[in-house]
Visitor: 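Below is one structure. I have some questions about it.
Values in this document were obtained by computation on a predicted structure and should not be read as measured data. For ligands, and for the atoms within them, numbers begin at 1 and follow the listed sequence.
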Amino acid sequence: MLKVEHIGIAVRSLETSIPLFQRLLNTDCYKKETVESEFVQTAFFRQGETKIELLEATSPGSTIAKFVDKKGEGIHHIAFEVADIYAEMERLKGEGFTLLQAEPKQGADNKLVCFLHPKDTNGVLIELCQEI
Ligand SMILES: CC[C@H](C(=O)O)C(=O)SCCNC(=O)CCNC(=O)[C@H](O)C(C)(C)COP(=O)(O)OP(=O)(O)OC[C@H]1O[C@@H](n2cnc3c(N)ncnc32)[C@H](O)[C@@H]1OP(=O)(O)O
Ligand SMILES: [Co+2]
């Protein structure tokens with residue numbers, strides 16, 4: 001794994017949280033993007049070599065809606081950048097981690113992504129992402 005590509009933060013409202021993080025980070029959101037397949041709208045901020053990804057649910061059935069309802073707003077996942085997501089998925093499967101997708105899927109910010117179940121990673125949802 002090359003680096004922490006982004007930290008995902010679940011929020012109730014991007015309209016409220018984007019200005020908050022702009023004040024906090026002293027930088028503007030550089031991209032807002034809806035990922036239909038995940039029922040989320042995302043907003044990205046660059047921070048040095050990594051990024052902050054704010055996530056708002058676009059549907060009550062969204063994983064983000066479920067998370068916020070259950071745990072409130074907060075850190076949702078850590079995304080690691082990998083050079084070859086297919087090879088990394090095979091390696092991690094061999095190491096006994098539970099992959100939540102059999103194949104990588106289209107994520108935000110021009111990435112192929114997949115996730116590992118938090119039950120195998122000390123309760124931290126891990127995302128792998130590869131630049132497309
Ligand atoms: C892809 C677009 C974008 C990008 O970067 O490109 C994104 O990052 S989209 C982010 C949103 N999408 C996902 O998170 C996809 C992967 N997540 C899932 O498949 C589910 O959220 C899953 C399987 C992790 C949990 O779903 P489930 O329906 O099982 O929800 P439960 O509430 O029943 O949770 C079961 C168990 O897991 C714990 N949990 C849930 N979410 C998280 C989390 N984010 N971090 C840590 N732990 C989490 C939850 O507390 C339950 O634990 P338990 O001990 O049983 O209470
Ligand atoms: Co993410």
Visitor: In terms of hydrophobic clusters joined by side-chain contacts under 4.5 Å, are Ile126 and Tyr86 together?
Guide: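 Shared cluster, yes.
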Visitor: Are any of the N/O atoms on Lys105, whether in the backbone or the side chain, positioned under 3.5 angstrom from an N/O atom of ligand 1?
Guide: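 No, no N or O pair falls under 3.5 Å.
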Visitor: Would you verify that at least one protein heavy atom lies under 4.0 Å from atom 22 (C) of ligand 1, or report that none does?
Guide: no
Visitor: Below 4.0 angstrom, counting only protein heavy atoms, does anything approach atom 6 (O) of ligand 1?
Guide: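 So far as the 4.0 Å threshold goes, atom 6 (O) of ligand 1 is in reach of a protein heavy atom.
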Visitor: Which residues pass the side-chain hydrogen bond (donor to acceptor under 3.5 Å, both in side chains) test with Glu81, sequence neighbours left out?
Guide: none
Visitor: Which residue and non-hydrogen atom of the protein lie closest to atom 27 (P) of ligand 1, and at what distance in Å?
Guide: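 Ranking protein heavy atoms by distance from atom 27 (P) of ligand 1, first comes Lys66 NZ, 3.8 Å.
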Visitor: Nearest protein heavy-atom contact for atom 12 (N) of ligand 1: which residue, which atom, what distance?
Guide: Glu38 OE1, 2.8 Å
Visitor: Please write down residue, atom name and distance for the protein heavy atom closest to atom 41 (N) of ligand 1.
Guide: Phe67 CD1, 3.9 Å
Visitor: Ignoring hydrogens, tell whether any protein atom lies closer than 4.0 Å to atom 29 (O) of ligand 1; use the non-hydrogen atoms only.
Guide: no
Visitor: To check your reading of the model: name the closest protein heavy atom to atom 4 (C) of ligand 1, its residue, and the distance in Å.
Guide: Glu53 OE2, 3.1 Å
Visitor: Please list, in chain and residue-number order, the protein N/O/S atoms closer than 2.8 Å to the Co ion (ligand 2).
Guide: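 Within the sphere that stays under 2.8 Å of the Co ion (ligand 2), the protein atoms of type N, O or S are His6 NE2, Glu53 OE1, His77 NE2, Glu127 OE1.
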Visitor: Can you give the donor-acceptor pairs under 3.5 Å from side chains of residues 99-107 to other protein atoms, not counting sequence neighbours?
Guide:
residue	atom	partner	partner atom	Å
Gln101	OE1	Phe115	N	2.8
Lys105	NZ	Glu38	OE2	2.2

Visitor: Got a protein heavy atom sitting under 4.0 Å from atom 53 (P) of ligand 1?
Guide: no
Visitor: If you scan the protein for heavy atoms around atom 16 (C) of ligand 1, do you find one that is closer than 4.0 Å?
Guide: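 Within 4.0 Å: yes, protein heavy atom nearby.
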Visitor: For atom 18 (C) of ligand 1, which of the options Val35, Leu100, Thr42 provides the nearest non-hydrogen atom?
Guide: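 Residue with the shortest heavy-atom distance to the ligand atom: Leu100.
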Visitor: Please list, chain by chain and in numerical order, all residues satisfying ring pair (Phe, Tyr, Trp, His ring centres under 6.0 Å) with Phe67, sequence neighbours excluded.
Guide: His76
Visitor: Among Val124, Leu92, Leu125, which residue meets the side chain to side chain contact (heavy atoms under 4.5 Å, CB included) test with Leu116?
Guide: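 Among the candidates, only Leu92 passes.
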Visitor: With a 4.0 Å cut-off on heavy atoms, is Gly123 in contact with ligand 1?
Guide: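 Yes.
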Visitor: Which residue supplies the protein heavy atom nearest to atom 11 (C) of ligand 1, what is that atom called, and how far is it?
Guide: Thr63 OG1, 3.5 Å
